[in-house]
Number of protein chains: 2
Amino acid sequence: MNPATTGSPAPRQRLSRDVVLAAALDLADREGDGGLSMRTLATELGVVPMALYKHVANKDELIDGIVDLVWAQVEPPDTSDDVTHWRPAMRSRAASLRRTLRRHPWAVGLLETRMRPGPANLAQHDAMMGCLRRAGFSFRTTVHVTSVLDAYVYGFALQEQTLPFDTAEESGDVARQKLEQQPAEFAAAFPYLVEVVTELGAAGYDYDSEFATGLDLILDGVEHLRPAWSTVDAPPPAAGASR
Amino acid sequence: MNPATTGSPAPRQRLSRDVVLAAALDLADREGDGGLSMRTLATELGVVPMALYKHVANKDELIDGIVDLVWAQVEPPDTSDDVTHWRPAMRSRAASLRRTLRRHPWAVGLLETRMRPGPANLAQHDAMMGCLRRAGFSFRTTVHVTSVLDAYVYGFALQEQTLPFDTAEESGDVARQKLEQQPAEFAAAFPYLVEVVTELGAAGYDYDSEFATGLDLILDGVEHLRPAWSTVDAPPPAAGASR
DNA sequence: ACCTGAACACCGTTCAAGT
DNA sequence: ACCTGAACACCGTTCAAGT
């Protein structure tokens, strides 16, 4: 009986690179970076650890693979009207990157770390630079803009990933609780931290609006880097021309 | 013969929490995140693995400890003249944080991640918020500014940490080399990436100026968040007053 | 062509003992 | 009070075999 043609409940489907990568991504999302091991991945697939090595060279290549699966989930910037719409395009691309990193927190430190970027990673960056170049940004400025925007998203995701609360209401409780655990000297030594905790306890901390505030601040700055013709809606220069 | 009073070359000094943490920090700097293990740390200290557990509860607490040693290396903002000098103070604090992260690349993903922040971490954040509050920023704005500035530094350090070159000249070589390895379809599929590689090959990539460009862009944006009285050099409001 | 078994050199950590 | 030894339940990966 060929297992490929049988209608069994398939806890034991035929192995392939895609099946291995999909299971690895799922495991990482559930258990985090530390929970992803070749051995537990193998048992989840109903197979002995060494069976994985026929589809993936080693753990490093496995991680390369799932990182590119994550890149594939990031929505590229809308390039339908590059000249006037670069700003909303960059804004929603940054938001999509942040959402993706929130879905896969283990990937934050890995997205830019891999030595051999996968095709989805390359396509994503090409689309981003293309959007900016066609909007009239010079080559140098395009590099600056991608650098500062991505740095902000990564850094924000890093901070967001590990703060011990998920919602604005929860943040108030956590803050108040933390403060009560501290000894009395704490208030005298760190008055401004006490202020933060107190105010956050009252008003809460909203990740979404915090992210948007910083993002818009940066986009305002980017706007100033654009050449002057942009404000009068002139056509973009030929690709690769201005420098 | 008491080893504490003997003048031996001290490969085997008396163990203490500080000695363990210092050796762990050194090991992490040399071997990276993955190279820091309780077992190799023990052998470097000339001791059996279990000896460490008298000075440190477990590996997690060890990492808490060395992360706070890293925080202690970040120069806090200069608070000598908060009203007019908040910008250079923030600028050089961000630069110091980046330099520190460059010295301890393994720490980038860990500085904000620890659940129990150490004293150096708390002091650093208190100094930062204090500098901004006394410069007249409202509480909410102070939170926004620290969020966006730190996010940028973390994200930049993350990108810098893993790019495969250290100097501007080297970046050109690496870029040219990478490009030559690619198949011919590459140029057609990712024209804007090819442009980056080509231009970088010609002009090089300077981390320092790239960092400064993004930092100044953000600081320009922060300037706009300041209350209007700041430009006429009025005194700051009483701490905790404005909201 | 694909999967398995046994083995090697590693981990962090517990527990019972040594001095 | 501080360090040790042996053990347990984990890792990634190699190599020689099975089907």
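Note on naming: letters A, B, ... go to the chains in the order of the sequence lines (proteins, then strands), and numbering restarts at 1 for each one. What you see is a predicted model, and the numbers here were worked out from it, not measured in a lab.
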Examine the side chains of B:T43 and B:T40 and answer whether a donor and an acceptor come within less than 3.5 Å of each other.
no
Tell me yes or no: between the side chains of B:E112 and B:Y154, is some donor less than 3.5 Å from an acceptor?
yes
Which nucleotides of nucleotides 6-19 of chain C have their base under 4.0 Å from a protein heavy atom (B), which only their sugar-phosphate (S), and which neither (-), written as one string 5' to 3'?
-B---BBBBB----
What's the verdict on salt bridge (Lys or Arg N to Asp or Glu O under 4.0 Å) for B:R93 and B:E75, showing C-alpha distance, side-chain angles and the deciding distance?
CA-CA 6 Å; B:R93 198 271 356 180; B:E75 289 167 29; over 6 Å; no
B:D208/B:R99 ion pair, N-O < 4.0 Å
no
Expressed in angstrom and rounded to an integer, what is the separation of B:H55 atom NE2 from D:dA1 atom P?
13 Å
Identify whether NZ of Lys or CZ of Arg in A:R98 sits under 6.0 Å from the centre of the six-membered ring of A:F211 and within 45° of that ring's axis.
yes
Aromatic ring proximity B:Y205/B:Y207, centre distance under 6.0 Å
yes
Under 3.5 Å, sequence neighbours excluded: what are the donor-acceptor pairs made by side chains of residues 59-67 of chain B?
unit_1, atom_1, unit_2, atom_2, d
B:K59, NZ, B:L36, O, 2.9
B:E61, OE1, B:R17, NH2, 2.8
B:E61, OE1, B:A57, N, 3.4
B:D64, OD1, B:R114, NH1, 3.3
B:D64, OD2, B:R116, NH1, 3.0

Intra- and interstrand pairs of DNA chain D - dot-bracket, Watson-Crick/G-U under 3.5 Å, | marks other strand:
||.|||||...|||||.||
Would you please test B:H55 and B:D18 for side-chain contact (heavy atoms from CB on, under 4.5 Å) and show each step?
CA-CA 9 Å; B:H55 304 96; B:D18 286 349; over 6 Å; no
